[in-house]
Amino acid sequence: PPVLWLKAVERSYKQGEAALDILKGAEFAVWPGESVALIAPSGTGKSTLLHIAGLLEAPDAGEVYVSGVATSGMADSDRTRIRRTEIGFVYQFHHLLPEFTALENVMLPQMIRGLTKKEAKTRAGELLGYLGLAERLNHRPAELSGGEQQRVAIARAVANAPRLLMADEPTGNLDPKTADHVFSALTQLVRASRLAAVVATHNMELAARMDRRVTIRDGLVVEL
Ligand code: ADP
Ligand code: ADP
């Protein structure tokens, strides 16, 4: 099955008396190992789509399947478990814990999931090394550059080996050269681990390097 399948998803927001229809029966499937860029102007519903696909928000109608499993009828606790085990999130701002080192930031989600400190440390070290941060393991976020911070955030997002990585403008806060490096690191990691990825971006050059590009038009997801 697809890692992610949105079927006839609808979502509207109340704006005073009026209803603002953002998604009007959107269909969107992402297959294992596939990377998809989501390119759309602000206000068209990118964040709404990512939040619904990431099980952070429920659609008004329609269904979200994760690895073939329908999520709408689930208990919140089951949905949270799926989100924590199958989906990794990266945002425009890294949200790393400032008092912890890079290594500890990547160890934490694994320890919350029940891995031993030793197991978590081994995987965190490998991931950070893979992302070019072998010399930065014991630095705190404030001691890292913007690009390094974002690479740590990517390592943290995939620490528990999710099947799907969702990224909302992951390079939006970086200068073009750094954005390029971080994006390369992300796509390499995605390919190497056969991870599916949905990345919202305004950067067409970076989007061109992904498998597929989609946009949101009239409340639907359409291929570009
Ligand atoms: P994008 O990420 O593409 O900028 P969003 O999904 O954040 O778009 O928002 C789409 C539209 O829905 C915007 O016009 C936004 O103002 C509106 N919107 C988003 N969230 C809410 C909310 N909680 N209540 C009311 N309107 C909202
Ligand atoms: P936690 O492990 O802190 O309880 P959750 O399971 O609530 O985290 O959320 C998983 C991921 O989703 C985290 O990366 C968190 O930052 C993010 N997240 C949670 N709620 C929201 C939200 N309303 N909007 C955006 N991201 C969110």
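All values derive from a computational prediction rather than experimental measurement.
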Quiz item: Backbone N or O of His94 within a donor-acceptor pair of the Arg156 side chain at under 3.5 Å?
Solution: yes

Self-check item: Interatomic distance, Leu220 atom CG to Phe28 atom CZ [nearest 0.5 angstrom]
Solution: 13.0 Å

Quiz prompt | Same cluster (ILVMFWY, side-chain, under 4.5 Å), Leu224 and Val30 | solution = no

Quiz item: Just how far is it from atom CD of Glu104 to atom CG of Leu97, taken to the nearest 0.5 Å?
Solution: 10.0 Å

Quiz item: Is a donor on one side and an acceptor on the other found under 3.5 Å between the side chain of Glu169 and the backbone of Gln92?
Solution: no

Practice problem: Check the angle between the aromatic planes of Phe89 and Tyr91 and answer parallel, tilted or perpendicular using the 30° and 60° thresholds. | Solution: parallel

Quiz item: How long is the span from the CG atom in Leu186 to the CZ atom in Arg209, to the nearest 0.5 Å?
Solution: 10.5 Å

Exercise. Walk me through it: do Lys7 and Glu63 pass the test salt bridge (Lys or Arg N to Asp or Glu O under 4.0 Å)?
Key: CA-CA 5 Å; Lys7 192 179 158 196; Glu63 185 59 88; over 6 Å; no

Quiz item: Is a side-chain N or O of Thr201 found less than 3.5 angstrom from the main chain of Ala207, in a donor-acceptor match?
Solution: no

Quiz item: Are the side chains of Ser145 and Glu148 in touch, meaning some heavy atoms are under 4.5 Å apart?
Solution: yes

Quiz item: Short question: side chain of Ser193, backbone of Leu189 - any donor-acceptor pair under 3.5 Å?
Solution: yes

Quiz item: Between the side chain of Asp180 and the main-chain N/O of Pro176, is any donor-acceptor distance below 3.5 Å?
Solution: no

Self-check item: Neighbour count above 12 (heavy atom, 6.0 Å) for Glu135 CD
Solution: no

Exercise. Look at the side-chain heavy atoms of Ile, Leu, Val, Met, Phe, Trp and Tyr, link any pair under 4.5 Å apart, and say whether Val199 and Leu4 land in one connected group.
Key: no

Exercise. State whether the side chain of Lys46 and the backbone N or O of Ala40 hold a donor-acceptor pair below 3.5 Å, judged by distance alone.
Key: yes

Quiz item: Counting N and O atoms only, with roles assigned by atom type, does the side chain of Asn203 sit under 3.5 Å from a partner on the main chain of Leu206, one being a donor and the other an acceptor?
Solution: yes

Quiz item: When you look at CD of Glu57, are more than 12 heavy atoms from neighbouring residues, nucleotides or ligands closer to it than 6.0 Å?
Solution: yes

Practice problem: Consider only side-chain N and O atoms of Thr122 and Glu119, and report whether a donor and an acceptor are under 3.5 Å apart. | Solution: no

Self-check item: Worked check of side-chain contact (heavy atoms from CB on, under 4.5 Å) between Trp5 and Val64
Solution: CA-CA 6 Å; Trp5 179 25; Val64 180; over 6 Å; no

Quiz item: For Arg212 and Glu34, what are the C-alpha separation, side-chain angles and deciding distance, and is it a salt bridge (Lys or Arg N to Asp or Glu O under 4.0 Å)?
Solution: CA-CA 8 Å; Arg212 209 149 58 78; Glu34 191 181 40; 2.8 Å; yes

Quiz item: With the threshold set at 4.0 Å, does a side-chain nitrogen-carboxylate oxygen contact exist between Arg81 and Asp78?
Solution: yes

Exercise. For the pair Arg213 (side chain) and Met210 (backbone), establish whether a donor and an acceptor sit closer than 3.5 Å, ignoring hydrogens and angles.
Key: yes

Quiz item: For Val190 and Ala197, which heavy atoms make the closest approach, and how far apart are they?
Solution: CG2-CB, 3.9 Å

Quiz item: Judged by atom type as modelled, is there a donor-acceptor pair below 3.5 Å linking the side chain of Arg79 to the main-chain atoms of Met74?
Solution: yes

Quiz prompt | Same cluster (ILVMFWY, side-chain, under 4.5 Å), Val152 and Met111 | solution = yes

Exercise. Ignoring hydrogens and angles, state whether a donor on the side chain of Thr85 or Arg163 is under 3.5 Å from an acceptor on the partner side chain.
Key: no

Quiz item: If you round to the nearest 0.5 Å, how far is CG of Leu195 from OG1 of Thr187?
Solution: 11.5 Å

Practice problem: Check Trp31 against Ala196 and note the closest heavy-atom contact, atom names and distance. | Solution: O-CB, 3.6 Å

Quiz prompt | Worked check of side-chain contact (heavy atoms from CB on, under 4.5 Å) between Leu49 and Val221 | solution = CA-CA 9 Å; Leu49 186 77; Val221 177; 4.1 Å; yes

Practice problem: Take atom CG of Asp218 as the centre, draw a 6.0 Å sphere, and report whether it contains more than 12 heavy atoms from other residues, nucleotides or ligands. | Solution: no

Quiz item: What's the spacing between Leu164 CG and Met166 CE if we round to 0.5 Å?
Solution: 5.5 Å

Quiz item: Is the shortest heavy-atom distance from the side chain of Leu103 to the side chain of Leu128 under 4.5 Å?
Solution: yes

Practice problem: Measure from the side-chain N and O atoms of Asp211 to the backbone N and O of Ser35, and report whether any donor-acceptor pair falls under 3.5 Å. | Solution: yes

Quiz item: So, are Arg140 and Glu99 salt-bridged, with charged N and O less than 4.0 Å apart?
Solution: no

Self-check item: CZ-CG distance between Arg84 and Leu55, expressed to the nearest 0.5 angstrom
Solution: 12.5 Å

Practice problem: Determine whether Leu38 and Met204 fall in the same hydrophobic cluster, where Ile, Leu, Val, Met, Phe, Trp and Tyr are linked whenever their side-chain heavy atoms lie under 4.5 Å apart. | Solution: no

